[in-house]
Amino acid sequence: MEGLTIKIAPSILSADFWRLGEEVRQVERGGAHLLHVDVMDGRFVPNISVGVPVVESLKAYTILPLDVHLMIVEPERYVGAFARAGADIITFQVEATPHPHRVIQMIKEEGKKAGVVLNPSTPLGVLDYILDDLDMVLLMSVNPGFGGQKFIPAVMGKIARLRERAPALDIEVDGGIGLANVQEVVGAGANVIVAGSAIFNSPDPCETTREMVRLAREAWEGRTKA
Ligand code: DX5
Ligand code: ZN
């Protein structure tokens with residue numbers, strides 16, 4: 001796992017949108033490494049969230065790299081627009097297109113980092129012929145669509161199996177992660193941690209981010225020493 005570092009990626013889905021800038025400053029001050037932006041189309045998932053203009057505004061406002069998670073059908077139609085809007089990493093749901101390999105290439109041609117997202121029930125085998133092309137794999141630990149759901153325990157073993165297979169890969173995990181289970185998720189092998197409600201629904205998002213960074217680092221160091 002040489003070269004990999006722990007990264008905390010607060011998900012703005014649970015932020016107060018009427019004071020989004022202020023919320024972002026809080027997690028910046030808390031030491032967040034990425035800003036996770038959930039894009040939902042009401043088709044791939046039942047919910048609708050934010051799109052290109054919000055990514056554009058965030059890009060002008062924050063120095064944090066934007067980690068854009070596309071939960072939309074036909075991601076190939078939109079990766080260009082999100083890249084131009086300022087996304088730094090674009091991940092798309094592997095279930096949402098028959099041509100994942102092509103979408104990865106499209107993202108890379110835009111000069112951005114590319115990742116695929118696997119739903120909790122999607123087997124790791126879908127990565128067989130694309131793993132070497134990827135900068136990151138995001139494993140969903142809830143069914144995508146909403147913040148504030150419970151972590152699905154079966155995903156813990158999935159993280160460990162992917163880490164065994166890909167020791168140098170950024171493995172991101174998203175859904176149901178908070179201060180109580182972040183160390184277990186990192187212990188299983190994840191190094192990029194998304195947290196929405198645990199951070200933004202807490203009384204002090206800055207302090208919660210800081211604590212999450214601390215706990216995640218501690219678990220990661222324990223892992224790499226072991
Ligand atoms: C869910 C989104 C998540 C969401 C996580 O579909 O992909 O990024 O914001 O929220 P929590 O951390 O509350 O489970
Ligand atoms: Zn997400």
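We number each residue from 1, following the sequence as shown. Read the numbers this way: they start at 1 and go in the same order the structure lists the ligands and their atoms.
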Report, in ascending order of atom number, the atoms of ligand 1 lying under 4.0 Å from any heavy atom of F146.
1 (C), 6 (O)
Give the atoms of ligand 1, by number and element, whose distance to some non-hydrogen atom of H36 is under 4.0 Å.
8 (O)
If only atom types and distance count, is the side chain of R223 paired as donor or acceptor with the main-chain N or O of G187 below 3.5 Å?
yes
Would you call L215 and M212 a side-chain contact if the rule is heavy atoms closer than 4.5 Å?
no
What's the shortest distance from atom 6 (O) of ligand 1 to any protein heavy atom, and which residue and atom give it?
G145 N, 2.7 Å
What is the distance from atom CG of L118 to atom NZ of K158, rounded to the nearest 0.5 Å?
5.0 Å
Tell me whether W220 is reachable from V192 by hopping between hydrophobic residues (I, L, V, M, F, W, Y) whose side-chain heavy atoms are closer than 4.5 Å.
no
Could you tell me whether some N/O pair between I177 and ligand 1 is separated by less than 3.5 angstrom?
no
Got the closest protein heavy atom to atom 10 (O) of ligand 1, with its distance?
G147 CA, 3.5 Å
P144 neighbourhood, listing ligand 1 atoms whose heavy-atom distance to it stays under 4.0 Å
6 (O)
Determine which of the N, O or S atoms in D174 is closest to the Zn ion (ligand 2) and give its atom name.
OD2
Polar proximity ligand 1 side, D174 side, N/O cut 3.5 Å exclusive:
yes
Considering the heavy atoms of M40, write down every atom of ligand 1 situated less than 4.0 Å from one of them.
6 (O)
Please round to the nearest 0.5 Å and tell me the distance separating atom CG of D67 and atom CG of L138.
7.5 Å
Nearest to the Zn ion (ligand 2), which N, O or S atom of H36 do we find?
NE2
Verify side-chain hydrogen bond (donor to acceptor under 3.5 Å, both in side chains) between S14 and N201, making sure each step is shown before the conclusion.
CA-CA 7 Å; S14 292; N201 294 351; 4.8 Å; no
Rounded to 10°, how many degrees is the angle ND1/H69-the Zn ion (ligand 2)-OD1/D38?
90°
What do you reckon, does G148 have a nitrogen or oxygen under 3.5 Å from a nitrogen or oxygen of ligand 1?
yes
Find the distance between CG (D135) and CD (E172) and round it off to the nearest 0.5 Å.
12.0 Å
Using a 4.0 Å cutoff against the non-hydrogen atoms of S197, which atoms of ligand 1 qualify?
11 (P), 12 (O), 13 (O)
Checking K113 against D170 for the salt bridge (charged side-chain N to carboxylate O under 4.0 Å, His left out) test, could you report, in this order, the C-alpha distance in whole Å, the side-chain angles of both residues, the deciding distance, and whether it holds?
CA-CA 11 Å; K113 289 193 173 166; D170 274 328; 5.7 Å; no
Less than 4.5 Å apart, side chain to side chain, heavy atoms only: is that true for V68 and I89?
no
Would you say Y61 and R25 make side-chain contact, with heavy atoms under 4.5 Å?
yes
Within ligand 1, which atoms have a heavy atom of H69 less than 4.0 Å away?
7 (O)
Is it possible for you to say whether V103 and F44 belong to one hydrophobic cluster, with membership spreading through side-chain heavy-atom contacts below 4.5 Å?
no
Could you list the atoms of ligand 1 found under 4.0 angstrom from a heavy atom of M140?
7 (O)
How far is atom 2 (C) of ligand 1 from its nearest protein heavy atom, and which residue and atom name does that atom have?
D38 OD1, 3.4 Å
For M71, the atoms of ligand 1 under 4.0 Å from one of its heavy atoms are 6 (O), 7 (O)
Give me the residue, atom name and distance of the protein heavy atom closest to atom 14 (O) of ligand 1.
G176 N, 2.8 Å
Determine, stepwise, if the pair R214 / E211 fulfils salt bridge (charged side-chain N to carboxylate O under 4.0 Å, His left out).
CA-CA 5 Å; R214 190 188 70 76; E211 183 61 4; 3.0 Å; yes
Pairwise distance CD1(I72) to OH(Y78) - rounded to 0.5 angstrom:
6.5 Å
Below 3.5 angstrom, do we get any N/O pair linking G196 and ligand 1?
yes
Answer yes or no: does an N/O atom from G175 fall short of 3.5 Å to an N/O atom of ligand 1?
no
Is S11 in polar range of ligand 1, meaning some N or O pair under 3.5 Å apart?
yes
Counting only heavy atoms closer than 4.0 Å, does ligand 1 sit against the backbone of A195, its side chain, both, or neither?
backbone
